[in-house]
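Each ligand, and each atom within it, is numbered from 1 in the order the structure gives.
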Amino acid sequence: MVSRDPVADLRRIAFLLERANEATYRVKAFRSAAATIAALAPDELTERAAAGTLSKLAGVGEVTARTVAESLAGEVPAYLRRLETTDGTDLHGAAKTLREALRGDCHLHSDWSDGGSPIEEMALAAVDLGHEYIVLTDHSPRLTVARGLPAARLRRQLDYVAQLNEALPEGFRILTGIEVDILEDGSLDQEEALLERLDVVVGSVHSKLRDESSRMTRRMLAAIANPHLDILGHMTGRKISAARSGVATEGDRAHRRGMTRPPSDFDLDKVLSAVVEHGKAVEINARPDRLDPPKRMLTAALEAGCLFSIDTDAHAPGQLDWLGFACERAALCGVPPERVVNTWPVDRLLGWTDTRKH
Ligand SMILES: [Zn+2]
Ligand SMILES: [Zn+2]
């Protein structure tokens with residue numbers, strides 16, 4: 001009997017649950033069990049599995065204990081087998097080509113703000129997905145509901161990321177970044193000097209989303225003209241009901257039916273012209289509950305000549321695998337890989353964000 005790695009199996013289950021957009025508490029059970037099991041001495045693990053006392057450990061429940069026992073017995077755990085058979089979506093044609101061209105992800109969160117997992121877990125999941133880099137973009141201070149980082153904490157995060165990068169596998173790195181709030185006057189919610197230091201800056205509107213068109217347009221134009229902003233995040237702010245993966249393959253009409261927050265009002269032509277004029281990128285946000293911008297606007301952005309960034313806005317490791325949802329939409333609209341900044345080699349990406357800093 002060759003036993004499997006129970007920690008890897010527990011983590012894989014957590015990853016697949018996150019990718020399926022399952023509730024955090026369900027995923028947490030597997031992530032905490034993985035941490036508990038990883039900390040055990042191998043002898044204690046086998047003894048407890050034999051004696052049936054795994055579930056006495058803090059953080060290990062009935063289901064996770066059974067999973068561990070199955071792994072140790074050399075079987076693919078039943079829970080994992082079930083999840084693997086409902087595994088993700090297959091991409092074809094242009095969507096597949098686009099997905100394969102992506103080298104990283106420019107928008108994701110860790111537990112430093114409102115994400116559910118430590119930075120290192122996000123990074124390791126990205127390594128497994130074959131990414132060359134991720135840009136860590138935790139929230140800015142005004143977004144208190146999302147535990148946005150004040151300047152001092154962001155500075156600490158930068159030091160921490162530098163340390164983590166030392167220990168991560170060759171050929172992979174965490175780039176520094178932020179999802180900075182675009183404030184009501186269009187200014188960005190972080191110290192100038194810090195924005196200057198970051199590799200990539202995603203700017204998003206999170207407040208007063210129902211504001212009248214002229215004010216929203218002014219606000220967005222000011223942010224786009226700000227030399228620190230690189231990528232305009234989820235540009236309409238819409239929310240659609242999309243609890244599960246796979247929803248992204250449905251048409252926009254279905255999404256409209258399931259709209260939970262309509263897109264904000266702004267002058268699309270003016271915003272897109274400004275994006276092109278300043279050489280910024282429009283984000284194609286892959287979250288099943290966002291899929292922002294809608295296809296009509298995505299097509300307009302393509303015709304206007306915008307650059308794009310295809311991002312997951314992941315708040316958990318498994319969500320890093322959502323890129324395919326955005327690739328499907330981008331491919332449907334005919335977005336060519338070379339217009340997508342995260343298909344570029346990392347040096348070119350950094351060169352692009354750097355040009356505006358001087
Ligand atoms: Zn956001
Ligand atoms: Zn975000």
Side-chain angles (χ1 to χ4, degrees), residues 18-19 21 24 104-119 121-123 125-126 131 133-149 153-154 157 174-184 186-190 195 198-211 216 219-220 223-224 226 228-240 242 260-264 266 271 280-294 297 308-323 325-326 341-342:
E18 286 159 356
R19 188 170 68 180
N21 211 3
T24 312
D105 195 332
C106 297
H107 182 170
L108 50 105
H109 302 271
S110 74
D111 61 3
W112 283 59
S113 65
D114 63 345
S117 291
I119 302 168
E121 279 184 29
M122 297 299 284
H131 287 359
Y133 64 86
I134 50 173
V135 184
L136 178 62
T137 56
D138 277 313
H139 288 287
S140 65
R142 295 281 182 101
L143 207 61
T144 46
V145 288
R147 301 202 307 123
L149 276 59
R153 276 191 77 220
L154 179 55
Q157 186 181 68
I174 304 170
L175 303 180
T176 60
I178 187 172
E179 181 182 12
V180 69
D181 255 52
I182 298 175
L183 299 173
E184 275 176 56
S187 62
L188 303 181
D189 178 31
Q190 190 47 278
L195 292 174
L198 299 170
D199 292 323
V200 179
V201 173
V202 176
S204 311
V205 171
H206 289 116
S207 60
K208 285 238 176 156
L209 287 154
R210 309 304 312 133
D211 212 353
M216 184 59 92
R219 179 178 181 184
M220 291 171 80
I224 293 162
N226 187 312
H228 296 300
L229 183 141
D230 301 307
I231 298 168
L232 181 61
H234 50 70
M235 74 188 294
T236 77
R238 74 168 180 173
K239 279 286 184 83
I240 52 184
T260 56
R261 187 168 66 210
S264 17
F266 53 87
V271 166
K280 309 297 172 78
V282 166
E283 177 182 75
I284 306 176
N285 188 298
R287 291 191 63 82
D289 59 346
R290 286 196 184 272
L291 292 172
D292 198 355
M297 294 192 185
F308 298 96
S309 177
I310 295 183
D311 303 326
T312 60
D313 198 353
H315 286 66
Q319 298 179 0
L320 289 168
D321 207 15
W322 284 350
L323 283 174
F325 299 155
V341 298
N342 48 334

Exercise. Taking the Zn ion (ligand 2) as the reference point, name the nearest N/O/S atom of Glu179.
Key: OE1
Quiz prompt | the Zn ion (ligand 1) - name of the N/O/S atom of His206 that sits closest to it | solution = NE2
Quiz prompt | Where the Zn ion (ligand 2) is the vertex, angle from His107 NE2 to His109 NE2 to 10° | solution = 100°
Quiz item: Within the distance-only criterion (no hydrogens, no angle test), does the side chain of Asn342 pair as donor or acceptor with the backbone N or O of Ser309 below 3.5 angstrom?
Solution: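 Here the side-chain-to-backbone pair does not exist.
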Quiz prompt | Side-chain donor-acceptor contact under 3.5 Å, Asp211 with Ser264 | solution = no
Quiz item: Is there a side-chain contact between Met122 and Gln319 (heavy atoms, below 4.5 Å)?
Solution: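 No - every pair of side-chain heavy atoms lies 4.5 Å or more apart.
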Quiz item: Does any N, O or S atom of His315, backbone or side chain, fall under 2.8 Å from the Zn ion (ligand 2)?
Solution: no
Quiz item: Are His131 and Asp105 close enough that a side-chain donor and a side-chain acceptor fall under 3.5 Å?
Solution: no
Practice problem: Taking the Zn ion (ligand 2) as the reference point, name the nearest N/O/S atom of Asp313. | Solution: OD1
Self-check item: Any N, O or S atom of His234 closer than 2.8 Å to the Zn ion (ligand 1)
Solution: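 A backbone or side-chain N, O or S atom of His234 is under 2.8 Å from the Zn ion (ligand 1).
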Exercise. Measure the CG-CZ distance between Asp292 and Arg287 for me, rounded to the nearest 0.5 Å.
Key: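 Answer for the CG-CZ pair, Asp292 versus Arg287, is 12.0 Å.
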